[in-house]
There are 2 protein chains.
Amino acid sequence: MGRKRKNGEANETMVLDETEGVSSEELVQRIIQAAGHTSQSLGIGRVTGQIYAHVYFSIEPQSLDDLTKGLGISKGSASMGVRQLEQWGGLEKIWVKGDRKDYYRSRDTFGKIIKNAIVDLIGKRMEISSALLGDVEKELSASGKKNADLTEEQEFVRQKLRGILDFQKKSETIWDGFIVKMLK
Amino acid sequence: MGRKRKNGEANETMVLDETEGVSSEELVQRIIQAAGHTSQSLGIGRVTGQIYAHVYFSIEPQSLDDLTKGLGISKGSASMGVRQLEQWGGLEKIWVKGDRKDYYRSRDTFGKIIKNAIVDLIGKRMEISSALLGDVEKELSASGKKNADLTEEQEFVRQKLRGILDFQKKSETIWDGFIVKMLK
DNA sequence: TGCTACGTTCAAAACGAATTGAACGCTGAA
DNA sequence: TTCAGCGTTCAATTCGTTTTGAACGTAGCA
């Protein structure tokens with residue numbers, strides 16, 4: 001790797017030298033990029049994954065400053081990302097006495113972290129949809145009692161709704177199972 | 001949320017009159033909104049869910065024109081949404097002889113539809129991340145053979161990487177199980 | 001007390017994804 | 001053949017989300 005060595009900068013090209021091995025520093029840089037890509041495509045945001053990967057592959061606990069320098073992100077982004085990851089149990093804060101900075105180290109209970117993130121993000125979103133359908137279900141049963149005989153259209157809607165509601169119940173069961181397995 | 005207001009469709013507030021029933025038309029409109037919300041929060045896009053819901057609750061097969069009018073979306077959006085839903089098996093095209101329009105009716109195999117959508121969207125995204133990690137794994141084992149003794153840092157990275165790769169394998173298994181269940 | 005180094009906040013900017021709609025090609029009818 | 005009506009495309013635009021960075025509050029220290 002007769003490449004530039006200095007600060008972990010200039011990792012844009014990602015060109016691999018097939019004949020030679022890759023330094024672990026380069027490897028880590030690539031994984032950080034990959035983590036950013038992954039977290040972004042999961043709707044969590046790019047920096048979140050990058051921050052976690054950076055800390056995960058750092059022997060020493062990392063400060064906000066280390067993150068802004070190491071990842072080239074702003075102090076604001078670092079602050080927010082770190083807090084989110086802390087809430088999900090991905091990072092834990094380390095107090096170093098005599099040092100006013102906050103330091104973070106990673107926790108490697110991936111399952112729990114992801115479960116927390118999923119519940120936090122997807123779960124909240126699903127709840128809203130669920131609630132909306134729940135309202136509809138109430139309307140449905142209420143109108144069912146009032147009108148013994150429905151128009152053809154009403155009956156059609158009724159039947160279609162039933163189909164959705166049934167599927168929703170089934171989905172929730174599967175989803176819960178998924179979460180449980182992830183947690184283990 | 002702030003959406004384009006068409007002709008006095010005053011269904012924005014979603015306030016329910018507790019004492020009276022709700023017309024099935026209103027109910028359907030609300031479900032269409034909910035479907036849009038759901039599909040959007042799943043990263044599929046708002047119109048996709050709206051289109052499917054609209055067709056699902058229509059007795060007659062629906063044309064692109066019906067969709068643009070009924071949902072207040074552009075012809076382009078309708079065309080693209082319909083095609084995507086067709087690919088996922090959510091809609092099927094109906095030929096009406098003597099009519100040059102394409103008509104669509106919904107299929108109600110929710111599980112299959114969602115499975116196709118998930119595989120198409122999430123799967124593709126995961127593949128990229130997987131591939132990146134796969135590359136890394138290769139590098140890892142390659143460098144492992146060359147250097148019998150590693151620096152402390154290299155060994156650290158190595159160990160951390162192993163943790164991720166293990167988790168990845170486990171995740172894939174769970175994920176596959178999830179897909180299978182959804183399909184049933 | 002004033003000073004410095006830190007983390008947090010949030011309005012604004014940058015960014016990217018969704019949506020539009022005019023232009024286009026195609027097809028069937030006349 | 002031309003024409004009208006249809007679906008498709010994609011550059012431009014709109015819209016929502018993410019990121020920035022200056023301003024701010026706070027805590028430790030002399």
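Just so you know, these numbers use all the heavy atoms, side chains as well, and skip hydrogens, waters and symmetry mates. Numbers restart at 1 for each chain; the letters A, B, ... are given by sequence-line order, proteins then strands.
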Nearest whole Å is fine: how far is [N] [atom2] from [X] [atom1]?
{"X": "A:I73", "N": "C:dA14", "atom1": "CD1", "atom2": "C1'", "answer": "16 Å"}
{"X": "A:L67", "N": "D:dT20", "atom1": "CG", "atom2": "C1'", "answer": "16 Å"}
{"X": "B:I44", "N": "C:dT19", "atom1": "CD1", "atom2": "P", "answer": "13 Å"}
{"X": "A:Q40", "N": "D:dT17", "atom1": "CD", "atom2": "C1'", "answer": "11 Å"}
{"X": "A:I51", "N": "D:dT18", "atom1": "CD1", "atom2": "P", "answer": "14 Å"}

Of the listed nucleotides C:dT19, D:dT20, D:dG7, the one nearest the side chain of B:S77: C:dT19
Reckon A:G45 touches a base, only the sugar-phosphate, or nothing at all at heavy-atom distances under 4.0 Å? nothing
When you measure from the side-chain N and O atoms of B:R46 to the phosphate of C:dT19, is any distance below 4.0 Å, counting only OP1 and OP2? yes
Does A:S79 have a side-chain nitrogen or oxygen under 4.0 Å from the phosphate oxygens OP1 or OP2 of C:dG7? no
Does either side chain, that of B:D66 or that of B:S63, offer a donor lying less than 3.5 Å from an acceptor on the other one? yes
Side chains of A:R46 and A:Q50: donor-acceptor distance under 3.5 Å anywhere? yes
Between atom CH2 of A:W95 and atom OH of A:Y103, what is the distance when rounded to the nearest 0.5 Å? 12.0 Å
Parallel, tilted or perpendicular: ring planes of B:F167 versus A:F110, cut at 30 and 60 degrees: tilted
N/O to N/O distances under 3.5 Å, protein versus nucleotides 4-6 of chain D:
from	atom 1	to	atom 2	distance (Å)
D:dG5	N2	B:R100	NH2	2.8
D:dG5	N3	B:R100	NH2	2.4

Got a sec? Which of residues 80-97 of chain A come in under 4.0 Å of DNA chain C, heavy atoms? A:M80, A:R83
Contact nearer the 5' end of DNA chain D, comparing A:G98 with A:G76: A:G76
A:E172, CD atom: more than 12 neighbouring heavy atoms under 6.0 Å: yes
Assess whether atom CD of B:E155 is packed by more than 12 heavy atoms of other residues, nucleotides or ligands within 6.0 Å. yes
Taking C-beta and beyond as the side chain, do A:V96 and A:K101 meet within less than 4.5 Å on heavy atoms? no
A side-chain contact here means heavy atoms from C-beta on lying under 4.5 Å apart; do A:I179 and A:L183 qualify? no
Just do the side-chain contact (heavy atoms from CB on, under 4.5 Å) check on A:V119 and A:W88 with the steps written out, would you? CA-CA 10 Å; A:V119 167; A:W88 291 339; over 6 Å; no
